Amino acid sequence: MIAGDGDKGSDTGRHFLKQWIAEDVAAGRTGGTVVTRFPPEPNGYIHIGHAKAICIDFGMAREFGGRCNLRMDDTNPSKESDEYAESIKKDIRWLGFDWGEGFYSAANLFEQMYEIAERLIEGGHAYVCELTQEQWKEYRGAPTSPGRESPFRNRSAAESLDLFRRMRAGEFADGTLCLRAKIDMASPNIHFRDPVLYRIMRVPHYHTGDKWCIYPMYDFAHPIEDAFEGVTHSMCTLEFEVHRPLYDWVVDRMDEMGLLVVRNGVKIRPQQREFARLNLSYTVMSKRKLLQLVEERRVSGWDDPRMPTVCGLRRRGYTPEAIRDFCERIGVSKYESQTDVALLEYCLRDDLNRRALRRMAVLDPIKVVIDNWPADKVENVAALNNPEDPDAGTRLVPFGRELFIEREDFMEVPSKKFFRVTPGQEVRLRAACLFTCTHVVKDAEGRAVEVHGTYDPDSKGGNAADGRKIKGTIHWVSAAHAVPLEVRLYDRLFTVPDPMGDDTKDFLEFLNEDSLRKITAHAEPALAEAATGQIFQFERVGYFCADTVDSRPGAPVFNRTVTLKDSWAKVGNKQ
RNA sequence: UGCCUCAUGGUGUAACGGUAGCACAGCAGUCUCUGGAACUGCUUGUUUAGGUUCGAAUCCUAAUGAGGCAACCA
């Protein structure tokens, strides 16, 4: 029943939201069901920050055996669309969460919200105000000084009701009149100084079309939506903290009107709590900045594999499992932290290492000629598809006299502890045999163009007959069988951990010029027919995903999802 | 010259008046047909000043620092 029942009621080690919900469950305040909600406004694509909120909202419901609604918080039609709403649904499903029957929209409640507004007017809790926005600025006061009451504040309820109905009927121009709550113009919390409840806005709504020309504000709509849905725990980000008293004020009014849901004899009073939003190093998270990147064509679109959007991460090759694991590991608190993107990358590698099939591809080739291998002879060698997963089986990879290996796997004059190809040093050609470099052929400029050597005929499969240990193993592809692969090498979008952290510089100044490099790699034949979206580990290089937009069977395009950890790079750089 | 939050290693989080722990990152090593993975070890922390207490990261006060609040946005 209650999560945590087994641990003697101890709340130790659980974050503050879990403890909060556990207390309410124990006190019987949920009517037997914890109900949460994820309430996006469908005005853009969701990103990894939303993924954190989704994991919290859906995760808490799951953990406490309750449910989580998906609700489009579509009270401002000016930037909203079905396209966004659909993308949000798709992304949440992809992340692995399901709202079941619990799909809602603020728009479906417009009529009820309107009725509540009328009753608020009748009860003396709201009035129609005719102050212009400019005038209101003066009346409202500043955070440090109290405001003044609107001259329309004490007009009769009948007069306000009449004006409000005429607002709905479309008798007034946009922005002229508005409905205000009558609360406290002297409150230190600005949100209590007669906040706007309804504004006039002749913008067609993507769902209700032209039916309405007045729309409720977030502060009015949100608690109503929560209350009608029987939401018990309404979790949001820190910037809404100062809105909480207003949220409670609306819930109080609904309570007075007898509008709160009763579940199993318990009146459900929705409660709001706030947590810190996710900040990730080397990226930006604000919708506005992301939009700017798209509009200024700094990236190819919302789903550019460098974007922190869910669709971008998906296209890059991120898995839902990795993202969920990440969201679990970062925890939940009220501290405005910046999480190291290295943790996200760790979660990804951890997931992919277990599941991704191995393939060989050479990104920056140099030719190898095995002088004691007959020119026409081709052998198919069996290579493990995934050493982490015995069930993944093996595949056959063609091997011949001429191969490609990575240019960086060859050094004519080796540095210390270089275990790869260098004259006189034996290495293992992954899954094939042992090879010793004998000499190098260079071009006119002295650049190595061909590495020559011999193989040990008694080492077929990769092990020496006498059992001698070989330090280095490298990947390769047969030159005669290699297929060209367009590979997009993605790197971090920004060059600094906090692109927004310098007040004297625009974040665009920190854009990483090398965040995308396109190359043609040489790959083993099996990669040519990769299905789009499929993720492989290119051995010793990294994880790569067949691009869902541009890749075709026979004309593959791969995105580098993330590199493998490369501890040699550190050693090599020190020398 | 207001109100509301927050502050634990490099990063993120736990410890709820009684041994400051975990993960990532970093460093060193073992192992290995991926210089991957796995395994072992190490470095590094309670913002400051008072107070309460036998005992404070934890409670109180103040200071400092960070963030939020003055859309007819959400």
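Below, all heavy atoms of this structure are taken into account, side chains as well, without hydrogens, waters or symmetry copies. Everything numeric in this text was worked out from a predicted model, so none of it was measured. In what follows, chains are A, B, ... by sequence order, proteins preceding strands, each numbered from 1.
Between A/Phe164 and A/Tyr114, the angle of the ring planes stays under 30°, which puts this pair in the parallel group of the 30/60° scheme. Relative orientation of the A/Phe404 and A/His522 rings is tilted, given thresholds of 30° and 60° on the angle between their planes. Between A/Tyr218 and A/His243, the ring-plane angle classifies as perpendicular under the 30° and 60° cut-offs.
Comparing A/Asn353 and A/Leu384 by the nucleotide of RNA chain B that holds the closest heavy atom to each, the one mapping nearer the 5' end is A/Leu384. Of the two residues contacting RNA chain B, namely A/Lys565 and A/Glu80, the nearest-nucleotide position lying further toward the 5' end is that of A/Lys565.
The shortest distance between the side-chain N/O atoms of A/Lys469 and the OP1/OP2 oxygens of B/C31 is not below 4.0 Å. Contact annotation: A/Ser333 reaches the phosphate of B/U13 (side-chain N/O to OP1 or OP2, under 4.0 Å). Close to B/C27, at under 4.0 Å from its OP1 or OP2, lies a side-chain N or O of A/Lys570. For the pair A/Arg428 and B/U32, the criterion of a side-chain N or O lying under 4.0 Å from OP1 or OP2 is not met. Residue A/Tyr346 places at least one side-chain N or O closer than 4.0 Å to OP1 or OP2 of B/C24. Using a 4.0 Å cut-off, some side-chain N or O of A/Ser567 falls inside it from OP1 or OP2 of B/G36. Residue A/Thr75 has a polar side-chain atom (N or O) positioned under 4.0 Å from OP1 or OP2 of B/A74. Between A/Thr473 and the phosphate of B/U32, there is no side-chain N or O to OP1/OP2 separation shorter than 4.0 Å.
Judged by atom type and distance alone, A/Arg329 does not reach the base of B/G12 through any side-chain donor-acceptor pair under 3.5 Å. Judged by distance alone, with hydrogens and angles left aside, A/His191 brings no side-chain donor or acceptor close enough to the base of B/A70 to form a pair under 3.5 Å. Side-chain to base pairing of A/Gln537 with B/U34: one donor and one acceptor N or O lie within less than 3.5 Å of each other. With hydrogens and angles ignored, a donor-acceptor pair under 3.5 angstrom links the side chain of A/Arg358 to the base of B/U34. For A/Gln19 and B/C16, a side-chain-to-base donor-acceptor distance below 3.5 Å is present, hydrogens and geometry of angles not being considered. On a pure distance criterion of 3.5 Å, a polar donor-acceptor pair joins the side chain of A/Glu388 and the base of B/G36.
Per the stacking criterion (ring centres < 5.5 Å, plane angle < 30°), A/Tyr218 does not stack onto the base of B/A74. For A/Phe419 and B/G35, the ring-to-base geometry satisfies the stacking test (centroid distance below 5.5 Å, interplanar angle below 30°).
Between B/U8 and B/A15, the two C1' atoms lie 10 Å apart (nearest whole Å). Straight-line distance between the P atoms of B/C72 and B/U58: roughly 42 Å, to the nearest whole Å. Comparing B/G29 with B/U47, their C1' atoms are spaced 37 Å from each other, to the whole Å. Of the P atoms belonging to B/A63 and B/C69, the separation is 23 Å, rounded to the nearest Å. Nucleotides B/G9 and B/C59, compared at atom C1', are 25 Å apart to the nearest Å. The separation of B/U53 from B/G17, taken at their C1' atoms, amounts to 9 Å, rounded to a whole angstrom. Only the P atoms considered, B/U44 is 11 Å distant from B/G10, to the nearest whole Å. Between B/A38 and B/A14, the distance separating the two P atoms is 25 Å to the nearest Å.
A donor atom on one side chain and an acceptor atom on the other are not found under 3.5 Å apart for A/Gln272 and A/Tyr247. Side chains of A/Thr36 and A/Asp57: a donor-acceptor N/O pair is absent below 3.5 angstrom, by distance only. Side chains of A/Tyr45 and A/Glu83: a donor on one and an acceptor on the other come within 3.5 Å. Residues A/Arg37 and A/His222 have side chains that bring a donor and an acceptor to within less than 3.5 angstrom of each other.
In a base pair of the Watson-Crick type (N1 to N3 plus N6-O4 or O6-N4) or a G-U wobble (N1-O2 and O6-N3), with each distance short of 3.5 Å, B/G2 is matched with B/C69. Taking a pair to require two hydrogen-bonding distances under 3.5 Å in either a Watson-Crick or a G-U wobble arrangement, B/G29 pairs with B/C39. B/A49 and B/U61 make up a base pair, with Watson-Crick or G-U wobble contacts both under 3.5 Å. Shown here, B/U11 forms a base pair with B/A23; the pair counts as Watson-Crick or G-U wobble because both key distances fall under 3.5 Å.
Counted within 6.0 Å of CD on A/Glu328, heavy atoms from surrounding residues, nucleotides or ligands total 12 or fewer; the atom is thus considered open.
Rounded to an integer number of Å, the gap from A/Glu328 CD to B/C24 C1' is 15 Å. The nearest whole Å value for the distance from the CD atom in A/Glu336 to the P atom in B/A66 is 12 Å. Put simply, CZ on A/Phe240 is 18 Å from P on B/U5, counting in whole angstrom units. Rounded to whole Å, atom C1' of B/U34 lies 15 Å from atom CH2 of A/Trp568. The CZ-P distance, from A/Phe16 to B/U5, rounds to 13 Å in whole Å. The CG atom of A/Leu564 sits 7 Å away from the P atom of B/A37 (whole-angstrom rounding). Note: NE2 (A/His243) to P (B/A74) measures 10 Å, nearest angstrom. For the pair A/Phe536 CZ and B/G36 C1', the computed distance is 18 Å after rounding to whole Å.
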